[in-house]
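Report on one structure; see the data block that follows.
Chain letters run A, B, ... following the sequence lines, proteins first and then strands; every chain starts at 1. Excluded from the calculations below are hydrogen atoms, water molecules and symmetry mates; all remaining heavy atoms, backbone and side chain alike, are included. Note that this is a predicted model, so its numbers are computed, not measured.
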There are 2 protein chains.
Amino acid sequence: MTKNAQIPLSCELCSLRDKSIFRDLGDVELKELSDAKSCVYFKKGQILMHEGSRPNGVFCLHHGKAKIFRLGTEGKEQIIRFAKDGDLIGYRSLLSDENLSASISALEDTHACYIPKSALLHLIETNPKFSLNIMKLSCHELGQAGKIITNLAQKSVRERLAEILLLIDATFGLDEDDNLNVSLTREEIANMVGTATESVIRLLSEFKDDDLITVKGRKIKINNKSSLIKIGNVYD
Amino acid sequence: MTKNAQIPLSCELCSLRDKSIFRDLGDVELKELSDAKSCVYFKKGQILMHEGSRPNGVFCLHHGKAKIFRLGTEGKEQIIRFAKDGDLIGYRSLLSDENLSASISALEDTHACYIPKSALLHLIETNPKFSLNIMKLSCHELGQAGKIITNLAQKSVRERLAEILLLIDATFGLDEDDNLNVSLTREEIANMVGTATESVIRLLSEFKDDDLITVKGRKIKINNKSSLIKIGNVYD
DNA sequence: ACAATAACATGACAAAAATCATAAAAATTG
DNA sequence: CAATTTTTATGATTTTTGTCATGTTATTGT
């Protein structure tokens with residue numbers, strides 16, 4: 001990772017702050033955070049953190065996208081979740097005092113802020129509201145994880161793929177041509193759905209034949225969201 | 001739920017305290033907690049909390065066992081995790097300020113303490129160490145959830161069943177005859193593994209034929225833990 | 001731009017797991 | 001304790017999904 005590449009932005013001026021975990025910090029705290037953090041840059045494909053390691057801080061994504069994934073028994077990636085601008089990543093193992101349970105890699109060139117453990121813990125210890133926000137975040141993710149577990153256990157690959165397309169839409173939104181605003185290989189989609197790459201390829205073709213989506217390479221456009229909702233049995 | 005049935009124990013005298021989330025409370029805090037909580041009793045099969053609802057407190061299990069589960073699309077239970085003596089349950093939705101993402105039911109007659117939301121939040125706001133313990137708990141569970149997700153996505157039913165038997169062992173331990181110390185139907189095991197009841201029945205018979213386990217009704221004894229570890233590809 | 005590499009696509013087949021059917025055994029309850 | 005319901009067991013079959021093979025098309029790096 002490259003230190004201090006671009007974004008010389010201070011946390012005080014960060015446009016993402018209101019939507020981030022740091023939304024409730026006071027001026028002094030923001031200044032301290034700004035002084036403690038460093039700006040880092042990752043090229044597409046680079047690893048931000050490595051499963052099993054013990055990082056000494058967390059990242060807050062400033063501009064970019066990342067995947068959080070675990071390696072299964074046969075060395076196959078299982079993508080647990082995605083991260084987008086403003087998201088805090090790596091906090092889980094830091095707070096549970098465990099090795100990292102997953103790796104993080106950049107889905108595209110990504111600017112992030114690295115926040116040392118000490119700065120994060122200081123905030124937690126001194127700012128109850130921040131502390132509560134962290135709890136809210138981890139507890140929310142825990143609820144999401146329960147939903148994913150249930151889907152993996154009970155839904156078909158077809159249902160899960162439909163749901164994942166909707167999740168990608170909800171997470172990253174659309175680009176200027178209304179395509180899903182992230183470039184994922186079929187293999188990465190499969191690693192999120194929890195299936196074989198070939199199955200994703202086949203099912204995407206089916207969805208395309210049924211005009212549910214338009215596919216041009218890695219650009220995917222959702223034409224019929226309500227049908228995908230039905231196919232995926234998505235109720236929320 | 002029946003109020004004040006048995007266990008008139010105060011938190012100060014609770015033998016489970018040292019292993020519970022309340023391990024770091026001071027004397028005054030313990031007294032306040034003790035005054036705020038109520039003792040409740042559930043018969044086997046009773047629901048402690050209902051998915052979708054908004055409880056106004058949490059439970060700490062005093063003596064008993066519970067399953068935490070979600071209902072999937074076809075109304076099938078997916079067991080997310082088990083709870084045993086000393087475990088705190090229901091805190092997730094309370095802290096994330098969401099509806100309950102799962103139901104909780106008693107696997108056997110269970111004594112629990114009901115702790116009002118206000119008492120829990122008061123502790124969080126005033127005791128940073130307690131607050132950190134809660135974070136540690138939710139973050140640890142989040143890591144576990146990631147592992148479960150990866151297993152469901154990548155392991156075979158056979159592998160998952162082997163792993164679940166070991167998980168039950170690790171969670172509930174053994175009874176006086178060295179059987180797994182919990183009574184689960186084959187269907188419940190299937191709802192944990194994420195498969196059909198018949199598949200669990202067949203695989204348990206196979207494990208029995210291979211002398212990995214001994215089965216007498218719902219009593220299951222693990223004869224060969226290391227083989228189960230191998231079959232389940234369990235590396236931790 | 002071009003070669004090398006990685007990703008995509010599709011068919012054929014195999015394996016895993018679900019479903020359906022039926023019977024026997026247990027557990028529960030009036 | 002007899003009756004009813006639930007659970008367990010097993011076989012037969014279907015469905016779903018994964019794997020392997022092969023060719024094509026995109027990407028990437030020099």
Exercise. Please work out which residues in residues 181-196 of chain A have a non-hydrogen atom less than 4.0 Å from an atom of DNA chain D and list them by number.
Key: T195(A), A196(A)
Practice problem: Go through residues 151-162 of chain B and report each residue with a non-hydrogen atom lying under 4.0 Å from DNA chain C, sorted by number. | Solution: S156(B), V157(B)
Quiz item: Side chains of R92(A) and S101(A): do they bring a donor and an acceptor to under 3.5 Å?
Solution: yes
Practice problem: Examine distances only and state if a side-chain atom of R17(B) and a backbone atom of C11(B) form a donor-acceptor pair shorter than 3.5 Å. | Solution: yes
Quiz prompt | E77(A) and L71(A): CA distance, side-chain angles, deciding distance, side-chain contact (heavy atoms from CB on, under 4.5 Å) verdict | solution = CA-CA 5 Å; E77(A) 275 184 18; L71(A) 290 185; 3.9 Å; yes
Practice problem: Indicate yes or no for a side-chain donor-acceptor contact from Q78(B) to the backbone of N191(B) under 3.5 Å, with no hydrogens or angles considered. | Solution: yes
Exercise. Say whether, by atom type as modelled, one donor and one acceptor occur between the side chain of R160(A) and the main chain of V193(A) under 3.5 angstrom.
Key: yes
Quiz prompt | Residue pair N224(B) / S226(B), side-chain donor-acceptor N/O under 3.5 Å | solution = yes
Exercise. Output, in order, the C-alpha distance, side-chain angles, deciding distance and verdict of side-chain contact (heavy atoms from CB on, under 4.5 Å) for K37(B) and C39(B).
Key: CA-CA 7 Å; K37(B) 73 148 189 177; C39(B) 298; 3.7 Å; yes
Quiz item: How long is the line joining CG of L204(A) and P of dA7(C), in whole Å?
Solution: 16 Å
Exercise. Map R218(B) and R218(A) onto DNA chain D by nearest heavy atom, then report which one ends up closer to the 5' terminus.
Key: R218(B)
Quiz prompt | Ionic contact status for D109(B) with K44(B), cut-off 4.0 Å | solution = no
Quiz prompt | Nearest-0.5 Å distance that lies between atom OG1 in T110(B) and atom CD in Q46(B) | solution = 9.5 Å
Quiz item: Is the Y41(A) ring parallel, tilted or perpendicular to the H111(A) ring (thresholds 30°, 60°)?
Solution: tilted
Quiz item: Looking only at heavy atoms, which two atoms of C60(A) and G86(A) are closest? And how far apart?
Solution: SG-O, 3.8 Å
Quiz item: Any stems for DNA chain D, made of 3 or more Watson-Crick or G-U pairs in a row, each with both distances under 3.5 Å?
Solution: C:1-30 with D:1-30
Practice problem: In sequence, state the C-alpha distance, the side-chain angles, and the governing distance for F207(B) and S227(B), and then conclude on side-chain contact (heavy atoms from CB on, under 4.5 Å). | Solution: CA-CA 10 Å; F207(B) 287 175; S227(B) 289; over 6 Å; no
Quiz prompt | Whether N151(B) side chain and K155(B) backbone form a donor-acceptor pair below 3.5 Å | solution = no
Filtered N/O pairs between nucleotides 20-25 of chain C and protein, under 3.5 Å:
from	atom 1	to	atom 2	distance (Å)
dC20(C)	N4	E198(B)	OE2	3.2

Practice problem: Might you work through the side-chain contact (heavy atoms from CB on, under 4.5 Å) test for R81(B) and I148(B), ending with a clear yes or no? | Solution: CA-CA 10 Å; R81(B) 63 186 185 93; I148(B) 294 172; 5.9 Å; no
Quiz prompt | Exercise: identify the closest heavy-atom pair between V58(A) and M49(A) | solution = CA-CE, 4.0 Å
Quiz prompt | chain B footprint on DNA chain D, 5' to 3' - any atom under 4.0 Å from a heavy atom | solution = dT7(D) to dA12(D)
Exercise. Could you tell me whether the side chain of E141(B) and the main chain of L142(A) form a donor-acceptor pair under 3.5 Å?
Key: no
Practice problem: Using a cut-off of strictly less than 4.0 Å between a heavy atom of the residue and any atom of DNA chain C, enumerate the qualifying residues of residues 64-78 of chain A by number. | Solution: none
Quiz prompt | Reference residue N233(B); test side chain to side chain donor-acceptor pair (under 3.5 Å); the match among E159(B), Q154(B), E163(B) | solution = E159(B)
